[in-house]
Amino acid sequence: MPKCLQTGPVACLFILLFFSARAHVTRIEITKVESPYNSGMVYGAAGQYERIFGKAYGEVDPNNALDTIIQDIKLAPRNAHGMVEYVTEFILLRPVDISKSNKLLFISLPNRGNVFPADTALLKRGYIYLWAAWQGDIIAGNNRLTINVPVATDNGREITGKIRVEYEVNEPTKTLVLSSGYFNGATHHVYETVTTNNTGLVLSKRVHEADERIAIPNNDWAFADCTTADFPGIPNTTKVSVKGGFDPNYIYELIYTGKNPLVMGLGFAAIRDLASFMRHQVKDGAGNPNPLTTTTDKSVPVKAAIMQGISQCGNFTRTFLQLGFNEDENHRIVFEGVNDHIGTRRISLNIRFGRPGGGGIQREDHLFPSNEPPFTWDNTYEPISGIHGGILEKCIKTSTAPKIVQTFSSSEYWQLRASLRTTNSYSTKDIAIPSNVRVYLFNSTQHGPVEMADKVSGFTTNGNSYTPYLRALIIALEHWVMDGKQPPASIYPTIAKGTLVKHDKTSMGWQGIPGVLFNGNANDGPLIDFGPAYNTKMVTGILQEPPTVIKDKYYRVLVPKVDADGNEIGGIRSATLQAPLGTYTGWSLRKEGYGQGDLNGLNGMFIPFKTTKAERIATNDPRLSLEERYQTHGGYVAAVTKAANSLVTQGLLSPEDAANIIAAAEKSTVLQSK
């Protein structure tokens, strides 16, 4: 019999509560309060909001079975009672009158420390917004949220290890910080080189990812800063410089020995523990009140919680669930709902010297960890790697699986292997989606919709917005979690329907557009072996650098089929896509001088239609002109109106957003007389 039970039930309860409190958020510190928020703006029935800034001090038991998965947790410094500490910054946005909230805690994960703005429509519904830092390698500045995590040591001695970094620039650059990369930069913590002597090290360059690496002579590069001095510059343990500068046409790769790894897996525990505290605890261990309580009502006004992760934060949500962090240390579910938006893979947070901001796309960071199986939500056998499992494997065992809305842009199919989440590994048949998961593709959108000139591709990027449709699905997830109301059925391309196809011109139905290069490039890739100290299934451990590429084991991806205009089918077709003004892609190609022919990051293209039939014939454009489609401005507005109203009927667009979309069409200059 456990000793606590021998002392009587009251003493046992005291001991259990004591240890429970020790293993959670120990103290909440409020650093600033803005009340009312946003100059007192009233958000519907929820009224005015207030914004609270603070820090959560937490500690984790390195021997707790829920936390032993954290990489290097046993090598982290401990406080007086044997716990590992962290401090995370947070922002809370709550109705001033908390009784007007809808009792839903909505955690929006910061991307590289940057906070996504609150959605006004959700505030009007009474959402309680919470942003909290989780990425331990983010440097403070420019309002970024940060989390302070410890450095792992070997009984006080520095830990060192091999670190592989790839560098790309869009303009000639003299010096880069060692942490730089396509997705990382000066806002990230730098793992210092143990020496500025580059003897025995190799900095290489290549034009395309698969090209042979060309070693740069050691006399032509240095661990140095050349921003204020000519090469070889001033020796620096955190920077690297190349004689003549880094060239936008090349991928550069460096493997060096770094030191002092951060215990970044604590970011998972921080999100778990802070969310659990906000949901259940009236006060912290120091007696400070939960900022969701009031002086007159000490109860916690939260019925359920949803976590939204966008892009790399979507990868965080998948890994958070897979590693079992949706179970708090009192064995309760943390999040009843999850929106994994434009994040298809997992995140390299729980890795020694990990870089959670990395990409793993066709050109950039191609051989980067976290793009490996398991790919699927449900447990499956993945024959190429031999791995059996799924993202929800632990959640299923502990009855902590949330309701999930996974949303993709088109870029994820081209660059982030989204198709492998709904097909088998050989891309020959569809697989079943679990009943607690919905999957939606926003057809013909790019990772982050914006219309702007892109000098790397030479085209305008794709501004086809998925925002109003994502908003509708978030509200559907709210109803699913809070009321048990089923959301719309999944809408994504499939092999069975012929809408998910190989990425060659014929299979896609791509007819070609004058001046637009198409080469069928997508992010296929080999199986990668990161060595015996790395657990591929759990995306945890110590990487072997460089990894071993297993060329005879290969993953082939599929992409959405397109219509005669080059616009995708099989997913959610926005009002923009149903009444198009051009071709909208989730991919673009790099032009000469920038690694020509490779995929261009996560950017797509907008290629407008010609206005008249004569103009399109003169340019050999096979796509119908605006006049041929709509005849007049009124015809265009009618097409937009029909599409928007249909999307409202399907539950994919709110009436308010439909009205805004129609109004924008009416105000547009499409086919307006000059």
Side-chain angles (χ1 to χ4, degrees), residues 314 339-345 361-362 375-378 380 404-434 437-447 449 462 464-466 469-470 472-473 476 487-511 518 520-524 555-578 580 583-588 599 602 604-605 643 646-647 650-653:
N339 172 220
D340 171 12
H341 179 53
I342 57 175
T344 63
R345 56 190 184 90
I361 55 181
Q362 182 266 321
F375 304 123
T376 56
W377 292 106
D378 217 351
T380 56
I404 296 165
V405 166
Q406 181 166 38
T407 44
F408 296 133
S409 79
S410 309
S411 299
E412 284 74 70
Y413 280 83
W414 288 90
Q415 281 281 34
L416 294 167
R417 303 175 182 171
S419 64
L420 291 174
R421 279 68 191 163
T422 64
T423 73
N424 66 355
S425 299
Y426 299 114
S427 297
T428 56
K429 66 178 181 179
D430 304 306
I431 60 171
I433 304 299
V437 177
R438 296 291 186 274
V439 179
Y440 306 95
L441 165 64
F442 302 116
N443 273 144
S444 287
T445 55
Q446 73 175 31
H447 192 73
N462 180 359
N464 179 20
S465 178
Y466 49 60
Y469 312 98
L470 175 61
L473 293 174
S490 295
I491 307 172
Y492 62 93
T494 65
I495 296 170
K497 292 181 180 178
T499 51
L500 188 64
V501 297
K502 295 178 181 179
H503 45 85
D504 61 274
K505 184 176 181 179
T506 301
S507 299
M508 280 183 60
W510 180 264
Q511 296 189 36
F518 178 89
N521 214 343
N523 188 23
D524 296 323
Y555 295 101
R556 302 287 183 184
V557 301
L558 303 176
V559 299
K561 192 175 179 65
V562 300
D563 62 17
D565 293 325
N567 289 322
E568 295 173 349
I569 61 176
I572 296 173
R573 288 172 62 85
S574 65
T576 300
L577 212 59
Q578 293 184 51
T583 299
Y584 308 82
T585 74
W587 57 271
S588 63
L599 284 176
L602 297 170
M605 295 181 289
S646 174
L647 288 160
Q650 297 171 63
L652 301 173
L653 187 65

| field | Step-by-step side-chain contact (heavy atoms from CB on, under 4.5 Å) determination, I491 to L441 | value | CA-CA 6 Å; I491 307 172; L441 165 64; over 6 Å; no
| request: Apply side-chain contact (heavy atoms from CB on, under 4.5 Å) to the pair I431 and T423, showing each step before the final yes or no. | output: CA-CA 5 Å; I431 60 171; T423 73; 5.6 Å; no
| message | Working note: R417 + T344, criterion side-chain contact (heavy atoms from CB on, under 4.5 Å); need CA distance, chi angles, decisive distance, verdict. | response | CA-CA 7 Å; R417 303 175 182 171; T344 63; 5.7 Å; no
| message | side-chain contact (heavy atoms from CB on, under 4.5 Å), that's the test. Do S419 and L500 meet it? Break it down for me. | response | CA-CA 8 Å; S419 64; L500 188 64; 4.1 Å; yes
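Aromatic pair Y440/F408: ring centres not closer than 6.0 Å. For H503 and Y413, the ring centers are positioned 6.0 Å apart or more.
Here the side chain of T445 pairs a donor or acceptor atom with the backbone of F442 at under 3.5 angstrom. At least one donor-acceptor pair closer than 3.5 Å links the side chain of S411 to the backbone N or O of G586. Not one N or O on the side chain of D430 forms a donor-acceptor pair closer than 3.5 Å with the backbone of T494. Not one N or O on the side chain of D565 forms a donor-acceptor pair closer than 3.5 Å with the backbone of N567.
Taking each heavy atom of K561 and M508 in turn, the nearest pair found is CG-O, 3.2 Å. The two residues S490 and R438 come nearest to each other via the heavy atoms OG-CA, 3.3 Å. Counting all heavy atoms, side chain and backbone alike, I572 lies closest to L652 at CD1-CD2, 4.0 Å. Across every non-hydrogen atom of Q415 and L602, the tightest pair is CB-CD2, 3.8 Å. The shortest non-hydrogen separation linking S507 to K502 is CB-O, 3.4 Å. Across all their heavy atoms, G651 and P488 have their closest contact at O-CG, 4.0 Å.
For the residue pair S410/E568, the side-chain donor-acceptor check at 3.5 Å is satisfied. Between the side chains of H447 and S409, not a single donor N or O lies within less than 3.5 Å of an accepting N or O. N339 and T407 form a side-chain donor-acceptor contact under 3.5 Å, judged by distance and modelled atom types alone. Side-chain contact annotation: Q406 with W377, donor-acceptor N/O pair under 3.5 Å present. Under 3.5 Å, the side chains of S574 and Q578 contain no donor-acceptor pair of N or O atoms.
Contact annotation: the side chain of I433 approaches that of T422 to within less than 4.5 Å [non-hydrogen atoms, C-beta and beyond]. Proximity of V439 to R421: side-chain heavy atoms (C-beta onward) are nowhere separated by under 4.5 Å. I342 has its side chain within reach of E412: a pair of non-hydrogen atoms, C-beta onward, lies under 4.5 Å apart. Inter-residue side-chain proximity for P449 and N464 is flagged as unmet; no heavy-atom pair is nearer than 4.5 Å.
Relative ring orientation between F375 and Y555 is described as perpendicular, the plane-to-plane angle rising above 60° on a 0-90° scale split at 30° and 60°. Taking the six-membered ring where tryptophan is involved, the planes of W414 and W587 are tilted, since the angle between them lies from 30° to 60°.
With L558 as reference, I495 is the one residue of L420, V501, T499, I495 to meet the side chain to side chain contact (heavy atoms under 4.5 Å, CB included) rule.
Atoms CD and CG, on Q362 and L599 in that order, are 4.5 Å from each other to the nearest 0.5 Å. Rounded to the nearest 0.5 Å, atoms NZ (K429) and CG (N424) are 6.0 Å apart.
Partners of D563 by salt bridge (charged side-chain N to carboxylate O under 4.0 Å, His left out), not counting sequence neighbours, listed by chain and number: R573.
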